[in-house]
Amino acid sequence: MTEIRELLLSRIREVADYPEPGVMFKDITPLLADPAAFTALTEAFAEIARRTGATKVVGLEARGFILGAPVAVRAGVGFIPVRKAGKLPGATLSQAYDLEYGSAEIEVHAEDLSAVDRVLVVDDVLATGGTAEASIQLIQRAGAEVAGVAVLMELGFLAGRARLETALAGAPLEALLTI
């Protein structure tokens, strides 16, 4: 696992002062462009999906789509996109949540999840945990069980893990890299 972590970390570019001054943005596009690194990431997440007994993978807009869809294929389970409000046609469930400066809302198709599903949430970064927490609440409201959350990077200094502990109710939170 150390080799995979080193490979992944070596393919993440830091961009200073983006999207605003003082922020050190973690750009994963070099990782996605490297087939060996992207495959290693996909397999690591697929192993988490298998280990947790996931029957579906939820990817959070937008980078969670890029990461979650191949994980679902590799693990042999379904993929469900969780989108920003107003982006999905048809009947949806929505969940509002607070951001540092304001609020947001995410949605899922109501019929895509059921009580027989165990859902692994996949995303690129766990920061403050607001979006992940809202996705967990949305999955639970749909009647499904949360199998866990898997992220490429956890920004430990932002305490997102602590925010998710209650919502996860014992389900694992796995970060391949902690920064």
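Just so you know, these numbers come straight off a predicted model, no measurement behind them.
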More than 12 heavy atoms from other groups under 6.0 Å of CZ on Arg118:
yes
Rounded to the nearest 0.5 Å, what's the gap from CG on Asp124 to CD1 on Ile12? Could you check?
9.0 Å
What's the separation between atom CD in Glu145 and atom NZ in Lys56, rounded to the nearest 0.5 Å?
13.5 Å
Flag for Asp98-Ser103: side-chain donor and acceptor within less than 3.5 Å:
no
Sequence neighbours left out, what pairs pass side-chain hydrogen bond (donor to acceptor under 3.5 Å, both in side chains) with at least one residue falling in residues 68-85?
Glu43-Arg74, Glu61-Arg83
For a 4.5 angstrom cut-off between non-hydrogen side-chain atoms, does Ile136 reach Ile139?
no
Rounded to the nearest 0.5 Å, what separates atom CG in Leu32 from atom CG in Leu41?
8.0 Å
Single-linkage hydrophobic cluster, 4.5 Å side-chain cutoff, Ile66 and Leu8 together
yes
Could you check Thr29, Asp27, Asp34 and say which one makes a side-chain hydrogen bond (donor to acceptor under 3.5 Å, both in side chains) with Arg11?
Asp34
Is it the case that Ser94 and Glu107 place a side-chain donor and acceptor less than 3.5 Å from each other?
no
With a 6.0 Å cut-off (strictly less than), is the heavy-atom count around CZ of Phe25, excluding the residue itself, greater than 12?
yes
Cluster overlap Val116 with Phe79, hydrophobic side-chain contacts below 4.5 Å:
no
Nearest 0.5 Å, please: how far is OG1 in Thr178 from CD in Glu154?
4.5 Å
Quick one: pull up CD1 in Ile80 and CZ in Phe65 and give me the separation to the nearest 0.5 Å.
11.0 Å
Once rounded to the nearest 0.5 Å, what's the spacing between atom CZ of Arg161 and atom OG1 of Thr128?
14.5 Å
Check whether any side-chain heavy atom of Thr131 sits under 4.5 Å from a side-chain heavy atom of Tyr97, and report yes or no.
yes
